[in-house]
Amino acid sequence: MNQKMTTLKNLKFFVHTFGCQMNDNDSEHIAGILKSYGANPSDILEESDLIVINTCAVREKSEEKLYSLLGRLNSLKKKKGKKFTIGVVGCVAQLHRSKLLEKMPYIDFILGPDNYRIIPEIMTNLFKEKIISTDWSKDWHEIPAAQTLRTSRVSAFVTIMEGCNNFCTYCIVPYTRGREKCRPSPQILSEIQELAHSGYKEIQLLGQNVNSYIDPNSKKGFIDLLKEVNTIEEIAWIRFITSHPKNFSPDIAAAMKDSERVCHQLHLPVQSGSTSVLHRMKRGYSREDYLQIIMNLRKLMPDISLSTDIIVGFPGESDKEFQETMSLLEKVRFTNIFSFRYSPRPLTEAEKNKDEVPFAIKKARLIAVQNLQKIIQIETNQLLVGRTIKVLCTGKSKKDPNILSGRNAGYQVINFSSKKEVLYQFVDVLITSSGPYSLLGHTL
Ligand code: SAM
Ligand code: SF4
């Protein structure tokens, strides 16, 4: 047995994840790497020997949550002693590096988003020195499928690219995750084949800007990749996230329509309904461009389910500009939205802009957006009552183990009861009632 195996064997670890699906997938890799060296995942933080916190720097709020968690872990470390190891990884680690250690010397290691692979080495050398590693490599580093500990039995994330070249003026991602690098398509396809053989029914292709994917060797683009994934028969549902409106060409919409396994569902972050704000955000499209994409998608796929991201209170956002976001929401009628108050982030261009919208106005605008969207969702979800919908059952409801939970092709949450054994299967559900954020029903 090598030294890494000896150090990690039977060690209990706990991975805490902040942030997006990208981070969820990274945490599955971290857990898989540790497990492949004999360590075991634990559900109880207090009983673990190693805590890895996978961080998110996109908004200040998630950074604040990290610091409060670290405070709690410090108290625990004082009780448990030196053998309780704390690692901070991901975007906040990349952003603050050694400054984190200066403020919180009880942290044992700090790793950027491109450095998870070295956790086993770190654990073997840990007691000799504290480790900070935040280098970026230009090349794709493949993590073997065996080193991914998936949280779902039926739906899997598959990373196709990392980083971002866009530098939207509010966004820290290009500074924490580096420039775009794409995974070679044979590796993507082989991972999906393996998932299909293990019984996975849905896959979500992941990247900050998947539409700009280019295979580093064949130079084939996103549409070719989508078409190839579509040939893997056992995978019934294919989704991809995130798309960028400036790269979302009509050809991609046509490829979605023509690929029978690709769900008629799309997350297309608009950020603002105002062309002048979009210009200041350097998004590369106007309100009209965005609405044109939506019109084309609905023409090709009338049943398409659309979701988006909205930022309110971007520097200098006037009331008139904000109202354009409200009117865009009314016009498009998204199935779901993720809405945020603008949060100034270090290194970004917008952070230097002193024309900040006062906090109270940002707060009021966020409430207005969420109230409007809630009404839209109540109305649109109501239209599904009485219909029978195909649902992929992903597990039991967290609140009530007698209720099952799943999603439809439109990625809406459906809670339902069933007299038959349907866990992790596709099932037809009759929708009997609806709320703004989920639908309720039973199997037939
Ligand atoms: N790459 C994706 C895109 O272009 O939409 C998502 C990136 S980001 C991790 C997810 C969302 O966080 C963004 O779509 C944006 O709405 C939000 N976001 C990013 N920076 C923000 C900031 N400084 N303040 C508030 N929200 C922010
Ligand atoms: Fe951030 Fe813009 Fe890149 Fe998305 S496209 S990750 S919002 S810089």
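One-based numbering, in listed order, for ligands and for the atoms of each.
- Considering CG of Asn381 and CD1 of Ile431, their distance stands at 9.5 Å, rounded to 0.5 Å.
- Protein heavy atom at the shortest distance from atom 5 (S) of ligand 2 is Asn166 ND2, 3.4 Å.
- In the candidate list Gln208, His244, Arg59, Lys246, Gln208 is nearest to atom 1 (N) of ligand 1, counting heavy atoms.
- Taking every heavy atom of Gln208 and a limit of under 4.0 angstrom, the matching atoms of ligand 2 come to 6 (S).
- Close placement of the His267 and Phe338 rings is indicated, their centers lying within 6.0 Å of each other.
- Between atom OG1 of residue Thr275 and atom CD of residue Glu321 there is a gap of 9.5 Å, rounded to the nearest 0.5 Å.
- Numbered from 1 in the order shown, with element, the atoms of ligand 1 that lie under 4.0 Å from a heavy atom of Pro269 read 5 (O).
- Residue-ligand proximity, Arg283 to ligand 1, at heavy-atom distances under 4.0 Å covers atoms 4 (O).
- Between Val391 and Phe416, some side-chain heavy-atom pair lies under the 4.5 Å cut-off.
- Heavy-atom proximity to Ile311, at under 4.0 Å, picks out these atoms of ligand 1: 15 (C), 16 (O), 18 (N), 26 (N), 27 (C).
- Using a cutoff of 4.0 Å between basic side-chain nitrogens and carboxylate oxygens, Arg183 and Glu142 are scored as salt-bridged.
- Contacts with ligand 2 closer than 4.0 Å are made by side-chain heavy atoms of Pro174 only, the backbone lying farther away.
- Residue-ligand proximity: Arg177 is placed with every non-hydrogen atom at 4.0 Å or more from ligand 2.
- Applying the 4.0 Å criterion to heavy atoms of Tyr342 picks out, from ligand 1, the atoms 24 (N), 25 (C).
- With no hydrogens or angles considered, a side-chain donor-acceptor pair links Gln370 and Ser339 at under 3.5 Å.
- Of all protein heavy atoms, the one lying nearest to atom 22 (C) of ligand 1 is Ser343 O, 3.6 Å.
- Here Glu351 does not pair with Arg345 in a salt bridge; the nearest charged N to carboxylate O distance is not below 4.0 Å.
- Ligand 1 places these atoms under 4.0 Å from at least one heavy atom of Gln271: 5 (O), 13 (C), 14 (O), 15 (C), 16 (O).
- Remark: ligand 2 atoms within the under-4.0 Å shell around heavy atoms of His244 are 5 (S).
- Taking the ring centroids of Phe248 and Tyr285, they lie at or beyond the 6.0 Å cut-off.
- Here atom 25 (C) of ligand 1 lies nearest to Arg341 when heavy atoms of Glu351, Arg341, His267, Lys362 are compared.
- At the top of the distance list for atom 1 (Fe) of ligand 2, counting protein heavy atoms only, stands Cys171 SG, 2.3 Å.
- Polar contact check, Arg345 against ligand 1: no nitrogen or oxygen pair lies under 3.5 Å apart.
- Between the side chains of Gln147 and Tyr37, no donor-acceptor pair of N or O atoms lies under 3.5 Å.
- Distance from atom 7 (S) of ligand 2 to its nearest protein heavy atom, with residue and atom name: Tyr170 OH, 3.3 Å.
- Here Tyr170 has heavy atoms under 4.0 Å from ligand 1 in both its backbone and its side chain.
- Near Thr242, the atoms of ligand 1 lying under 4.0 angstrom from a non-hydrogen atom of the residue are 2 (C), 3 (C), 5 (O).
- Partner of Asn166 under the side chain to side chain donor-acceptor pair (under 3.5 Å) criterion, chosen from Gln208, Glu180, Lys246: Lys246.
- The backbone N or O of Tyr106 lies less than 3.5 Å from a partner atom in the side chain of Lys77, making a donor-acceptor pair.
- Of the protein's heavy atoms, Asp309 OD2, 3.4 Å lies nearest to atom 11 (C) of ligand 1.
- Between Asp24 and Arg150, none of the side-chain N atoms (NZ, or NE/NH1/NH2) sits under 4.0 Å from a carboxylate O, so this pair counts as no salt bridge.
- For Lys61, no heavy-atom contact with ligand 1 is shorter than 4.0 Å.
- A salt bridge links Asp26 to Arg177: at least one charged side-chain nitrogen sits closer than 4.0 Å to a carboxylate oxygen.
- Contact annotation: Cys168 places an N, O or S atom under 2.8 Å from atom 2 (Fe) of ligand 2.
- With ligand atoms numbered from 1 in the order given, ligand 2 contributes 8 (S) to contacts under 4.0 Å with heavy atoms of Phe167.
- Between Phe334 and Tyr290, the ring planes lie tilted relative to each other; the angle falls in the 30° to 60° range.
- Atom 3 (Fe) of ligand 2 has as its closest protein heavy atom Cys164 SG, 2.3 Å.
- Residue contacts with ligand 1 include Val58, since one or more of its heavy atoms lies under 4.0 Å from the ligand.
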